[in-house]
Every structure is written in C-alpha cells, then in structure tokens.
Chemist: 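This is the structure, below, for whatever I ask next.
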Protein chains: 2
Amino acid sequence: MYTIGQVSEMFSLPVSTLRYYDKEGLFPDMERKSGIRQFSEKEVDALRVIECLKASGLEIREIKQFMQWCSEGPSTFEKRRQLFANRKAALEEELAQLNKTMDMLKYKCWYYEQALKNGSEEPILALLPDHLPEEIQKLYDNCHK
Amino acid sequence: MYTIGQVSEMFSLPVSTLRYYDKEGLFPDMERKSGIRQFSEKEVDALRVIECLKASGLEIREIKQFMQWCSEGPSTFEKRRQLFANRKAALEEELAQLNKTMDMLKYKCWYYEQALKNGSEEPILALLPDHLPEEIQKLYDNCHK
DNA sequence: GCTTGACCTGAAGTCAGCTTTAGGTTCTAA
DNA sequence: TTAGAACCTAAAGCTGACTTCAGGTCAAGC
C-alpha cells in the first residue's frame, strides 16, 4: 500500500494530478482509510496503463470507461481488446504522419545549411521542384505530396 | 492571389482559423485590398510550413517568431537552421516514446486475445514477468523498462 | 497535548488554440 | 441598383487537462 505522496514520487506526477484522476473515476475501486487514499499494486498498475493510453491519445473520459470495464470482469474482454486494437491503428496513422513531418524537418535542416553556405536561398530555390540532390529530393517529395 | 475562402478550401482549414493565424502574426507581410486579405504564393508556402511546425509540436508564438525571422532575410539563416535542428531532435525523442507506447498497445492486444481465448486473465498473469512467448516478451520488456 | 507535515475537499483559475457571436463592409451578378 | 454571398472586426465563449486556493482533518514525533 502506498500513500498519494509515494505514488506521486514513483511516477513523477504532482499529487494534484493523482487526485484529479481519482475524481475523474480512473481508480474505480480504490480504498480509503479514514478518508485517506490507499494506492495498492492494482492502482499502480492502472496508472501505468493510464500513462500508455494517454500517450496513445486517449481522453480521460475514455480511460475512465476502460477502467470501469476492467472492474466489470471477463465479460468486457472483447470491448477492451477492441479499444487497444483501435488505439494501435490510430497510433500507426499518427506515426506515419509524424514520419512525413520528420522528412520535412530534415529537408529544412539541409535547406538552411545550404542557405548558410551560400549566403542566399536563391540557388536552392532554383533546384525546385525536382532537381534537388537525390537523397534530399526523396525527403522533399515525401513531405510535399 | 487567393481569397481567404479559397485558402480555407485548399488546406481544409476553417476561415476562422486562418484569421486567427493572421491575428497571431503568422503572415507578417500579407497584403490587403480595401481591408480584404490577399493570400499570395508566399502565404500559401508559409501555411505549409506552419502545418509542419505545428505537427512537430511548436506553439503558435514560436511559429510567429520563425515567420518574423523569414521576413528579416539572410541574417536569420542560422536561427532558422537551429530551430529546425531542435525540432528534429525533439521529434526523434517523441517518436522513440511513441514506439514504446506502440509496443505496450501490441502487448495489450495480444493479452486480450489470449484472455478471450481462455476466458480468463489468470493463465497470462502466471507468465509474468519473464515467461511470456519470446516475441511478446520483447514487447513487454520494451515498454516496462 | 501540541506542533507540523501530509493528507483531504470543492470551487475557481489557467492555458492553448480555436470557434462563435454580433454587427458591420465589400464584391458580384442579375 | 440591389440582393445576397463572402469578407471584416473585437470580444466573448469553449474544451481538456490540469493547477491553485481556501479552509479543514489526520497522524507521527517531541
């Protein structure tokens, strides 16, 4: 059993955030002793999942839904599986988009390195839209389509 | 030259968002004709960069700074290069984190497939923390460290 | 018994990034 | 020339995820 302060330390999360999560229903079965929250292994595990779901883009109220499914037992396995499958698909999408963004950033890094070397953007702009060096052209095409 | 409505169509962005960007200083040199905004190729290009910088996690006021550097000419090449280099490093970090999140999602997908097959979580929990099937163990380790 | 630090609550405040509202102006086509 | 679509502004409103505040309770050591 942990106090809210100990859990705050473990996860580097402010105590106020943990209380907020609790108020939002993210720890549906957490116990209390004379008003004071008792975080068990169960809540600590839940918090790990919460961090993951948050990182995958889920909103608090959807995480609450998931936590409620968890405390309803095996009848909600399919719903939970669906949730993770949907999150996985959404994150794959997002990663693909971020990789495009990354190519734009790489292109722009190259662009400004050249601009600094030349003291001007003109010589680079003259190569657009399809006479850039091969590697750079790939980046440019990938993020301009 | 484009009207705000045409640009809104081109980028699938609400007109109100374009006006908001303008108010925030993201188009520092945009012209007007009797009060009406004239989007030139320059502003359209700017908007492409804005979308990229936003996707990379930059805030509006930082994008404004960048746009101002752009209209100050070659003396700011180095600052602009730095900006993109920093963004690239930050996005690499973020991608690494998201890949961990992805491993957690994959693990959870597997977990609930098994739970559904077995009708219970117990047989899986018995394999923790290091007797999972090889491929799954990798995912589990990668997101629990 | 008393102090002090960690806990508790409900309500209000904050922040970014828009969106909506209300009221007005300008352009376009019949 | 006039209707109506598309433009304009300033200001207020919204949303999600917290954070801060004011005021109170609990527990451990002296």
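Letters A, B, ... are given to chains in the order of the sequence lines, protein chains preceding strands, and every chain is numbered from 1.
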Chemist: Roughly how many Å is it from CD in Gln38(A) to P in dC26(D), rounded to a whole number?
Modeler: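 Computing the Gln38(A):CD to dC26(D):P distance gives 14 Å.
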Chemist: Does NZ or CZ of Lys23(B) come closer than 6.0 Å to the centre of the six-membered ring of Tyr20(B), within 45° of the ring's axis?
Modeler: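 No; the conditions do not both hold, so Lys23(B) does not lie above the ring face of Tyr20(B).
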Chemist: In whole Å, I'd like the distance from the CD atom of Glu59(A) to the C1' atom of dC14(D).
Modeler: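 From Glu59(A) CD to dC14(D) C1': 14 Å.
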Chemist: The side chain of Tyr20(B) lies closest to which of these nucleotides: dG17(C), dT20(C), dC7(C)?
Modeler: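 Ranking dG17(C), dT20(C), dC7(C) by closest atom to the Tyr20(B) side chain puts dG17(C) first.
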Chemist: Between Glu92(B) and Lys88(B), does at least one N-O distance fall below 4.0 Å, as a salt bridge requires?
Modeler: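 The answer is yes: the pair qualifies as a salt bridge.
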Chemist: Would you call the rings of Phe39(B) and Phe27(B) parallel, tilted or perpendicular, where under 30° means parallel and over 60° means perpendicular?
Modeler: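 It falls in the perpendicular class, over 60°.
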Chemist: Taking atom C1' of dA6(D) as reference, at what distance in whole Å does atom NZ of Lys33(B) sit?
Modeler: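 In whole Å, dA6(D) C1' lies 15 Å from Lys33(B) NZ.
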Chemist: The side chain of Thr17(A) lies closest to which of these nucleotides: dC18(D), dA17(D), dC8(C)?
Modeler: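 Output: dC18(D).
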Chemist: Describe the nucleic acid contact of Glu24(B) in one word from base, sugar-phosphate, nothing, applying a heavy-atom distance below 4.0 Å.
Modeler: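 Here Glu24(B) touches no strand at all.
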Chemist: Using whole Å, report how far CD of Glu51(A) lies from P of dA17(D).
Modeler: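 Taking CD of Glu51(A) and P of dA17(D), I get 14 Å after rounding.
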Chemist: Take the protein atom OH of Tyr2(B) and the nucleotide atom C1' of dA6(D), then report the distance between them rounded to whole Å.
Modeler: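 For the pair Tyr2(B) OH and dA6(D) C1', the rounded distance is 19 Å.
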Chemist: Among dG16(D), dC18(C), dT26(C), which nucleotide has an atom closest to any side-chain atom of Lys54(B)?
Modeler: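 In terms of side-chain proximity for Lys54(B), the closest of dG16(D), dC18(C), dT26(C) is dC18(C).
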Chemist: Would you check if there is a donor-acceptor pair between the side chains of Gln82(B) and Tyr112(A) at a distance under 3.5 Å?
Modeler: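 Distance-only check fails for Tyr112(A) and Gln82(B).
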Chemist: Out of dA27(D), dC18(C), dC7(D), which nucleotide sits closest to the side chain of Ser34(A)?
Modeler: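 Of the candidates, dA27(D) comes closest.
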Chemist: Arg19(A) has a side chain; which of dT26(C), dC7(C), dT19(D) sits nearest to it?
Modeler: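 Nearest nucleotide to the side chain: dC7(C).
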Chemist: Hey, what bend do you get for the helix from dG1(C)-dC30(D) to dA30(C)-dT1(D) if you fit axes on five pairs at each end, rounded to 10°?
Modeler: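 Taking five pairs per end, the axes differ by 0°.
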Chemist: With sequence neighbours left out, what residues match Asn118(B) under side chain to side chain contact (heavy atoms under 4.5 Å, CB included)?
Modeler: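 Gln114(B), Pro123(B), Ile124(B).
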Chemist: How many Å lie between CD1 on Ile4(B) and P on dA5(D), as a whole number?
Modeler: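 Those two atoms, CD1 and P, are 19 Å apart.
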Chemist: Which nucleotide sits closest to the side chain of Ser16(A): dC7(C), dT19(D), dG17(C)?
Modeler: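 Of dC7(C), dT19(D), dG17(C), dT19(D) is nearest to the side chain of Ser16(A).
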